[in-house]
Each structure stands twice: as C-alpha cells, then as structure tokens.
Amino acid sequence: MKNFALLLILFLSISCYRNNENTISIDASKKLHEASIKLNGANVEDLNFQCYGGMYSQLLYGQDFEEHIDVDFLNLPETVSNPKSVIGPLRWVSMLVLDEKGKPYLTLQCRRLPVLPIGKKGTTVPYDVYSKDPFLFVNSSRENVLKPLESFTADEQKMIVERMNGDKQISRYWREINTGTARGIYKLVTKDTYNGRRDQKMQFISGVGEVGIENSGLLRMGINLQEGKNYEGILRVKNPGTCDLYVALLGSDPKEKLAEKVIRINPSPNSFQRIDFELIPSRSDTKGRFAVILKEPGEITLGYAFLQPGLWGRVAGGYPIRQDFVDQLKSNGMNIIRYNGSMNNLCIDNELYRWKNMIGPNDERTPYTGTFTPYATHGFGIFEFLMVAEAANLEGVVGISMDEDPAEIKEMIEYAKGSVTSKWGSMRARDGHPEPYKLNYIEISNEQSAIGDRAKVYFEKFKTLATEIWKADPEMNLMVSINIGNTFANLKKGDQNNPSYNQLRDFILWIKEQGKEENFSWDSHYSASFRPDTIIYNSFGMALQDLLKEDLDFNLKLYPLEENGQFHTFERGLIHARLQNYLNRWGNRIEGAATANMFQPEAGYMTWPQGRVFYDSHRFWNQASGHVDQMFTKEWLPWVLDVGIQAPADSLDVLVKASDDDNVISMYVVNFGNQPKTRDVNITGFKSAKEATITKLGPHPLSARNSGENPDLISPVKGTLKVSGNKFTYEFPGHSFTQIRLERK
C-alpha cells in the first residue's frame with residue numbers, strides 16, 4: 001500500500017509537470033522591467049565591403065589602382081563552396097602580389113592577406129611582400145597563404161608573366177576598352193605615384209578608335225545608373241601633353257554609351273591635377289559601368305578615380321554617404337551602431353589607420369593596408385561613420401586603437417565637437433560639417449584579452465587615454481572591448497587567489513577613483529550559437545557585473561556590441577532570435593547590443609558570410625536575422641512580462657512584452673527544435689480581442705538562405721488566430737520564430 005501511494009504521488013507529479021510544460025502562463029499585470037530600445041543595433045567594420053563598396057557613396061571599386069593585374073584567366077573557383085564556411089574558395093578576392101624583385105605570388109587566403117603595410121613613418125613600400133619573410137614562406141601554419149609562380153602550370157606561368165610585364169597591365173577591378181584599329185598600352189607604374197603603391201598608365205599609340213579602361217563597381221556587380229539623374233566624379237591625372245580625355249557611363253553592354261563628356265586637359269607632367277565632372281545617363285541600367293577613354297594618340301596616368309550619385313542619392317548635407325543604405329538601417333529598426341573591429345587591433349598598417357588620415361578631401365587621402373583587404377581606403381573613416389549615424393538618427397560608437405597618442409585623440413574630439421572658432425573645429429567646418437558631430441561613445445581597441453600580461457598592458461593604455469579624453473570631454477562615455485566568455489564566472493567576493501581578477505579589480509577601482517562609473521562601460525562580444533543559459537549569461541558580461549557589484553559596489557554598464565557567427569543561413573536567424581529573447585529578458589541590465597555584420601554584398605564574401613542585409617547594385621534584402629530584427633522593432637514594446645518557468649529541456653524559448661499603455665502584448669517564441677510544439681497559452685491581467693495577429697518566420701531547413709535569385713525564400717508570413725477569452729492553443733512549427741500580437745479588448 002505504501003509503495004502504491006508513492007507511485008501515485010510520482011505519477012501525479014509527472015502529470016503536473018507535463019501539464020505545466022505544455023502551458024505558457026503569462027501574467028500581464030507583472031512587468032518585470034523595461035528593456036533598452038538600443039538592444040537592436042548594427043555592427044560595421046572594414047569587413048565584407050560594407051563601408052568601401054557599401055555605405056560610402058563611392059560607386060567605383062579599385063579607386064586607387066592599388067590592386068595588381070586580374071587573375072580570372074586562372075579559372076579559380078567562383079563561388080563559396082559552403083555558405084556556412086568561414087572562407088570558402090573565392091575568385092573575387094584571390095590577389096596577385098609582387099615581392100621586392102617583381103616576382104608574382106597568388107594569395108589564396110581571404111582574411112588578412114599577407115601584404116606589407118603601405119606606410120611606415122610616412123614612407124611608401126612599393127612592393128606587396130618580402131621574399132625573405134619567414135612568416136609568409138616558411139611557417140607551416142601559413143603554407144597555403146601564398147602560391148609561388150613555380151607552382152602553376154607552364155601555360156599559366158606564361159600568362160601570368162605576360163600580363164605582369166606586357167602591354168596589358170590593368171589594375172584588378174578595371175577592364176580594357178579597345179575599339180576600331182586603335183592600339184593601346186597599359187602599364188602599372190610604381191614610381192612617383194599619386195598616393196599609394198601603384199598608378200595606372202594608359203597610352204593611345206596608333207590607329208583609329210578608342211583606348212580606355214572601365215570599372216563596373218564593387219566586385220564587378222555593376223553600377224546602378226538611373227536615367228536622367230546626375231553622377232559626380234573626380235579624377236587625379238598626370239599627363240605629359242595637352243589631350244582630350246573622355247569620361248563616360250556605359251551600359252551592361254560596354255559598347256553602349258549612356259553618357260559621355262570630353263574634357264580638354266592641359267599638360268601636367270610632374271603632378272596629378274584634379275578633374276571634376278558630371279554625367280547624366282540617357283537610360284537606366286543596373287549593371288552600368290564607368291569609363292576613361294582616349295580617342296587620339298596621347299598618354300595619361302591615373303592615380304585616383306571617384307564616382308558618386310548626385311545630391312539625390314546621398315544623405316542630407318550632401319555628405320558622401322548613400323541614402324539607400326541609411327534607409328535600410330532605418331527599415332531594420334537599428335538604434336545603435338558600432339564602427340570598430342580588427343582595423344584597431346590587427347591592422348598591419350597601424351601607423352596609417354589614424355583619424356587625421358581620414359579628414360580633408362577624399363581624393364587626397366592616402367590608402368592603407370587593411371586587415372581584411374590589403375587595398376583599403378580612408379575615403380570612409382570615423383567621420384563618414386558619424387555621418388551615417390547622424391543621417392539614420394543612431395547612437396554611434398567609434399573605435400580607436402589603444403596605441404593612439406592621447407594628444408591626438410584630444411584633437412579628434414575638438415575636431416568632432418569643438419566650436420568653429422577652435423583650431424580643429426574650424427577644420428571640421430572647412431571639411432563641410434560646421435555643426436558638431438554627435439560623438440558620445442569611444443571604444444578603445446577591439447577584443448582584448450581579460451587575463452594575463454596582455455590585459456595589464458591594455459588597462460594601462462586605456463587609463464592613459466582615458467585620463468586625457470575625460471579632460472577634453474568629461475561626459476565622454478569610454479568602453480573597453482574585452483571578450484569574457486566564462487572568465488571570472490565562478491569567482492566570489494574577496495577571492496584574492498585569481499591574479500587576473502585582482503588586476504581587473506584594480507582597474508575598476510581606478511575608474512571609481514576618477515568618479516567615472518557612469519561614463520564607463522564594457523563591450524563583450526558573444527557567439528551566435530545555441531548555448532546553455534549560463535554561458536550566454538557569462539558571455540554578455542553579466543556574471544562579471546554581479547561580481548563587481550558584490551565586491552566593489554560598482555555598477556558595470558554592459559554593451560555587448562558584436563554577436564558573432566560564421567554564416568547567414570536560417571539557422572543564424574533562429575539563433576539571433578533566441579539571443580534577442582535573452583537580451584530582452586535581461587534588458588534592464590544591458591544598455592545596448594549589436595550584431596555582426598550589418599551589410600554584405602551577394603557577389604562575394606571576404607570572410608565570415610554573416611551579413612543580416614545583403615545587397616547588389618540596386619537592391620537590398622534581408623537574411624533571416626534581418627527579418628528577426630524587423631519583427632522586434634517594427635513595433636517596439638518596452639516592457640518585459642512575467643512568463644511561467646520554461647522547462648530547461650524544452651526547445652521553445654518564450655519572451656513576452658507589452659506596450660507602454662498596456663494595450664498590446666506580443667509573444668516572441670523561438671522553436672529551435674525540429675519538431676512542432678503545441679502549447680496552451682493562459683493570460684491573466686489582460687482581456688484580449690478575439691483575434692490575434694501572427695507573424696511567422698519558418699519553418700525552413702537550417703541551411704536555407706535568401707539568395708539574389710530568390711531573395712524572399714525566407715520571409716515573414718502573416719496570419720490571424722482566434723482567441724477565446726484569455727486562452728488559446730497554438731502549434732509552434734519546428735525550426736521557426738513566431739510573433740503573436742494581442743490587443744486589449
């Protein structure tokens with residue numbers, strides 16, 4: 001009898017558990033906290049062309065002619081082998097580089113291409129790699145970085161040498177124009193260059209017709225030319241004699257001219273003169289091109305080329321930012337945007353990546369050797385980023401190197417925010433922005449270590465910079481960028497046995513001593529993956545926040561501004577939705593959050609194909625994670641409500657939020673399992689209208705993606721649901737994200 005009673009109790013317990021597991025209980029009268037509206041943010045850096053090739057108004061790619069000859073004739077793979085791969089074989093970013101003797105190598109590595117810095121204390125290195133560098137040519141972990149000439153077939157070697165040394169040396173992203181009987185010679189010159197390593201020389205030798213080069217934009221995906229609208233351009237040209245130079249807009253068929261203008265240029269044999277022009281196409285073409293042409297014997301050397309839409313296509317003020325990218329940021333509901341990344345801690349051209357190289361006329365700025373592309377441009381820099389934030393009405397977070405000179409950063413703040421009567425404020429006005437920039441957040445370096453000697457060096461450099469920055473602007477918010485993971489997760493108050501924590505503790509005490517607790521915050525990046533609650537909690541920085549509060553009574557402000565993954569498939573969308581649920585549930589303890597990366601072209605990936613918004617020459621489309629953003633932000637509900645305890649083993653993740661006036665409740669439910677889950681939903685404290693609105697993303701295979709051929713494969717589906725009183729039942733499909741919106745009756 002006793003055993004029977006125990007079995008009965010056990011059966012009833014299991015039944016109650018199962019009943020609770022199948023019910024979602026919502027108490028609308030119990031508001032847990034208000035979540036920050038800045039939980040949906042954008043992360044952009046010098047990665048995947050989202051700046052130069054994206055938000056920057058420059059429509060040409062390869063503006064400085066820095067890239068060596070094209071390698072398409074080698075028939076390298078053209079597409080990513082696996083959308084989830086970190087790199088994958090890509091023809092688009094395979095580069096031919098030269099050593100100090102002019103010997104060619106093909107680099108097959110997409111990230112951190114092994115090209116020497118352009119600038120070292122103001123000098124220019126005219127070659128790409130150094131043949132004696134053991135790191136590039138001996139180190140076994142780098143054995144596939146460079147492919148020497150001898151590793152190609154005899155026919156391929158012949159073609160490479162001919163292209164390198166012959167009469168058709170044309171920079172990587174440009175193409176030859178040759179009509180009639182005209183004969184042209186093209187050379188990439190490395191002496192007396194305009195700004196960087198190489199310039200493009202072009203000669204009309206003989207015959208009748210045209211000799212020239214054309215550019216079809218980022219990764220040759222075409223330039224979106226719109227009929228009747230003006231396009232503004234700049235060339236920097238050196239020429240030994242007087243000549244007629246033609247600039248033109250071409251159609252997808254380069255034989256078709258949509259606009260052309262002849263410019264009579266005077267001799268300029270020893271310096272590069274600036275030529276400004278305007279062109280208006282006679283018809284629209286989404287795969288247009290820009291061309292520079294000679295029609296009679298003559299010679300020019302091009303050091304720089306620029307083409308942008310007129311005022312109609314740029315943000316207010318005429319700044320060099322594309323309005324369509326800003327519109328997309330707004331459409332996705334972003335509220336904070338971060339501009340920081342590897343350019344501040346891994347850029348090999350550390351001495352050139354400085355703010356003073358990012359101001360003044362765009363055509364006078366020196367290119368630099370970037371982290372993700374060896375041929376980067378300062379055309380888009382810190383202040384162009386602030387123009388983006390200004391135009392989109394976003395809070396902007398700017399990153400700087402921890403190796404910056406504090407005096408230089410004080411001048412940067414004056415340039416950004418100073419009066420037009422100040423030295424640097426007047427230069428800002430000279431550069432076309434008389435009103436101060438909204439610069440409230442500076443992040444020092446990127447993804448630093450939290451432990452050991454590296455952290456010690458970082459903390460000391462941070463303090464040196466912070467001391468001077470807070471003198472210049474006492475209200476400036478300064479951020480550390482330190483990834484935490486599970487570091488410090490199990491420490492307790494008074495634990496003096498962890499030297500790394502003691503080091504951090506001393507640093508935080510220094511912040512307190514400065515009286516800057518409210519002007520200091522922490523950016524810890526986190527992984528886009530299905531991880532246990534505790535790991536997510538720790539990686540956001542919340543365990544550290546708990547510890548510092550208990551130990552030092554310090555209120556650590558958290559800005560996890562880089563959700564990182566390696567792909568953009570539907571799986572990433574589900575992960576992103578689940579992480580957004582976490583951020584909102586803990587949103588009273590998190591100031592703002594952002595996800596990498598915002599923009600990415602369909603034409604090719606430099607590395608980490610994790611963009612939320614993809615684009616080509618004339619359109620944008622969301623990947624699943626971009627749609628998730630919109631499902632949260634189209635109607636932002638600030639209040640997080642109480643939901644009955646969710647079973648740890650369940651594949652459902654449930655967030656419920658309410659409007660300020662309590663008239664709207666929305667459920668955000670991620671089913672990250674592959675099986676559908678039916679749940680009864682019980683709501684107290686809220687009398688719902690009889691019909692709810694359903695917005696559903698999925699189900700889809702985890703590997704599904706929105707391609708240029710099918711940009712709407714994954715898109716939200718709207719529907720309705722009958723509600724009986726304050727109860728309803730709903731089946732959440734496997735691998736789906738569902739929003740259920742209820743209005744008060």
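Residues: numbered from 1 along the sequence shown.
- Using a 4.0 Å cut-off between a side-chain N of Lys or Arg and a carboxylate O of Asp or Glu, Lys727 and Asp680 do not qualify as a salt bridge.
- Trp510 does not carry Lys516 over the face of its six-membered ring by the limits of under 6.0 Å from the centre and within 45° of the normal.
- The six-membered or imidazole ring of His433 lies near that of Tyr319, with a centre-to-centre distance under 6.0 Å.
- Panel note: side chain Asn584, backbone Gln580; a donor-acceptor pair is recorded below 3.5 Å.
- A donor atom on one side chain and an acceptor atom on the other are not found under 3.5 Å apart for Arg619 and Tyr615.
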field: Full working for salt bridge (Lys or Arg N to Asp or Glu O under 4.0 Å) between Arg505 and Asp551
entry: CA-CA 9 Å; Arg505 192 176 187 274; Asp551 191 8; 2.8 Å; yes
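- Looking at Glu550 and Lys492, no side-chain N of the basic residue comes within less than 4.0 Å of a carboxylate O on the acidic one, giving no salt bridge.
- Side-chain atoms of Ser36 never come within 3.5 Å of backbone atoms of Gly592 as a donor-acceptor pair (strictly under, hydrogens ignored).
- For Asn393, the CG atom sits in a loose shell: 12 or fewer heavy atoms of surrounding residues, nucleotides or ligands are nearer than 6.0 Å.
- A salt bridge links Arg338 to Glu443: one of the charged nitrogens lies within less than 4.0 Å of a carboxylate oxygen.
- Side chains of Ser666 and Lys657: no donor on one and acceptor on the other come within 3.5 Å.
- Aromatic rings from Phe380 and Tyr339 are positioned such that their centres are separated by under 6.0 Å.
- Checked by atom type and distance alone, the side chain of Tyr458 pairs as donor or acceptor with a backbone atom of Ile444 at under 3.5 Å.
- A centroid separation of 6.0 Å or more is found between the aromatic rings of Phe325 and Tyr56.
- Ring pair Trp522/Phe520 is perpendicular by interplanar angle, where above 60° counts as perpendicular and below 30° as parallel.
- Remark: Arg679 fails to qualify as a cation-pi partner of Phe732 under the 6.0 Å distance and 45° angle criteria applied to the six-membered ring.
- Here the side chain of Lys512 pairs a donor or acceptor atom with the backbone of Leu552 at under 3.5 angstrom.
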Please list, one pair per line, the donor and acceptor atoms closer than 3.5 Å that link side chains of residues 686-693 to other protein atoms, with sequence neighbours excluded.
| unit_1 | atom_1 | unit_2 | atom_2 | d |
| --- | --- | --- | --- | --- |
| Glu691 | OE2 | Lys722 | NZ | 3.4 |

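- Note on Asp660 versus Lys31: no salt bridge recorded, every NZ/NE/NH1/NH2 to OD/OE distance being 4.0 Å or above.
- Close placement of the Phe530 and Phe672 rings is indicated, their centers lying within 6.0 Å of each other.
- You'll find the ring centres of Phe540 and Tyr582 outside the 6.0 Å limit.
- Salt bridge status for Arg585 with Asp653: present, with a side-chain N to carboxylate O gap under 4.0 Å.
- In this structure, Phe632 has its ring center at least 6.0 angstrom away from the ring center of Trp636.
- Between Asp324 and Arg314 there is no salt bridge, since no side-chain N of the basic residue sits under 4.0 Å from a carboxylate O of the acidic one.
- The distance between the ring centers of Phe737 and His576 does not fall below 6.0 angstrom.
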